[in-house]
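Report on the structure given below.
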Protein chains: 2
Amino acid sequence: MRTDLTQPAEDRLRGKNQRFTGKRAALVEALAAAGRPLTIPQILELKPALAQSSVYRNLQILERAGVVQRIVTTDEHARFELADELTGNHHHHVVCTVCGNVEDVPAMDGVEASLHAAIDQIDRATGFTTEQHRVDLLGRCRNCAKS
Amino acid sequence: MRTDLTQPAEDRLRGKNQRFTGKRAALVEALAAAGRPLTIPQILELKPALAQSSVYRNLQILERAGVVQRIVTTDEHARFELADELTGNHHHHVVCTVCGNVEDVPAMDGVEASLHAAIDQIDRATGFTTEQHRVDLLGRCRNCAKS
DNA sequence: ATTCGTGCAAATAGTTTGCAGCAGA
DNA sequence: TCTGCTGCAAACTATTTGCACGAAT
């Protein structure tokens with residue numbers, strides 16, 4: 001489970017004529033260690049050596065290189081995680097509407113299968129070309145359980 | 001199909017001790033007519049009589065009253081649509097990653113069924129309480145088809 | 001009369017960007 | 001050496017808010 005993502009990340013950056021610097025490696029490392037989407041404040045807390053503006057800039061570059069994925073939930077900050085395509089780990093999200101935290105949940109076969117069937121049908125009917133999907137569960141996490 | 005949503009919207013506002021003013025009715029009307037999530041600039045274009053700050057404020061109030069739902073996709077503006085619960089029309093979204101447009105697609109039975117099964121399992125395993133889910137298809141709309 | 005809604009303009013907050021210096025190839 | 005990365009501070013932009021006035025109950 002502990003595959004090293006450094007090399008594929010570096011390859012993708014080089015493919016876009018970008019350097020794989022220490023700061024960028026630190027971002028990949030932080031996201032890999034977290035195992036869930038992080039906001040920029042969370043990243044800065046984990047890696048205080050990083051400058052905020054560079055984090056924004058590097059995450060944008062990493063996103064364009066296909067290394068990370070930006071996700072938006074409902075609260076103020078965007079969140080970032082390693083791209084499914086990089087980790088080979090397709091998953092969905094569980095979003096707490098109270099504290100804002102986001103956790104990964106593995107994609108479940110039944111859902112994926114019926115979703116792909118539905119996508120085929122929708123694409124055929126509408127002329128849309130689906131490239132990606134996202135499934136989010138919204139509710140309350142254990143800590144924020146209904147009062 | 002053309003049920004009047006004015007009355008239920010008004011009831012919900014009154015339930016929260018809010019008034020159902022002309023401006024608020026105009027918002028509900030615009031969203032009902034659109035049949036898809038709109039950004040605030042889009043709303044202002046449709047209803048030029050509305051002041052931007054009041055639109056922001058009223059959509060917030062309508063959201064808290066359960067009349068509208070705010071959705072965030074990837075691009076800069078949030079989008080608003082009538083709440084599923086109000087229209088009785090559970091649906092998902094198709095999001096064009098090029099032009100940003102969002103369209104509704106009816107929820108499909110197969111997907112809903114397998115999703116509910118998965119949600120039960122996840123909630124039981126994690127202690128999370130799912131209250132709502134969203135499914136988005138990301139890709140290119142007919143107009144923005146791959147170059 | 002009193003409470004609440006509205007519009008304007010100013011404030012806020014997340015994110016982006018210009019620029020000068022530093023580092024990797 | 002040359003191109004691109006970094007940090008700082010300033011700019012930008014979606015959204016929120018204070019305030020004075022007008023409308024609904």
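To find a chain, count down the sequence lines: A is the first, B the second, and so on, and within it residues start at 1. Heavy atoms only: backbone and side chains are in, while hydrogens, waters and symmetry mates are out.
- One finds a salt bridge joining A:Arg134 and B:Asp136 here, because a Lys/Arg side-chain nitrogen approaches an Asp/Glu carboxylate oxygen to under 4.0 Å.
- Contact annotation: A:His77 does not reach the phosphate of C:dA13 (side-chain N/O to OP1 or OP2, under 4.0 Å).
- Between the side chain of B:Arg19 and the base of C:dT3, at least one donor-acceptor pair of N or O atoms lies under 3.5 Å.
- With axes fitted over five pairs at each extremity, the angle between the ends of the helix from C:dA1-D:dT25 to C:dA25-D:dT1 is 30° (10° resolution).
- Look at CD on B:Gln52: it is 11 Å from C1' on D:dT16, rounded to the nearest Å.
- Per the geometry, CD belonging to A:Glu10 stands 12 Å off C1' belonging to C:dG24, to the nearest Å.
- At a non-hydrogen distance threshold of 4.0 Å, A:Tyr56, A:Arg57, A:Gln60 from residues 54-63 of chain A come into contact with DNA chain C.
- In this structure, B:Arg24 atom CZ and C:dG7 atom C1' are separated by 14 Å, rounded to whole Å.
- Here the side chains of B:His116 and B:Glu112 are in contact, with some heavy-atom distance below 4.5 Å.
- Within the 4.5 Å cutoff, side-chain heavy atoms of B:Ile40 are placed close to those of B:Leu59.
- For B:His92 and A:His133, the side-chain atoms include no donor-acceptor pair closer than 3.5 Å.
- If you measure from atom CG of B:Leu27 to atom P of C:dG5, you get 13 Å, rounded to the nearest angstrom.
- A:Leu137 contributes atom CG, which lies 12.5 Å from atom SG of A:Cys96 (distance to the nearest 0.5 angstrom).
- A side-chain donor-acceptor contact under 3.5 Å links A:Arg12 to the backbone of A:Gly66.
- Contact annotation: A:Lys23 reaches the phosphate of D:dG7 (side-chain N/O to OP1 or OP2, under 4.0 Å).
- Phosphate proximity of D:dC5 to A:Gln18: present, with a side-chain N or O under 4.0 Å from OP1 or OP2.
- For A:Gln69 (side chain) and A:Asp84 (main-chain N/O), a donor-acceptor pair under 3.5 Å exists by modelled atom type.
- Summarising the geometry, the separation between CZ on B:Arg64 and P on C:dC4 is reported as 14 Å, rounded to the nearest angstrom.
- Across the protein-nucleic acid pair, B:Ile43 atom CD1 and D:dT15 atom P stand 11 Å apart, rounded to whole Å.
- As judged by a 4.0 angstrom heavy-atom cut-off over every strand, B:Thr21 is placed among residues touching the sugar-phosphate backbone only.
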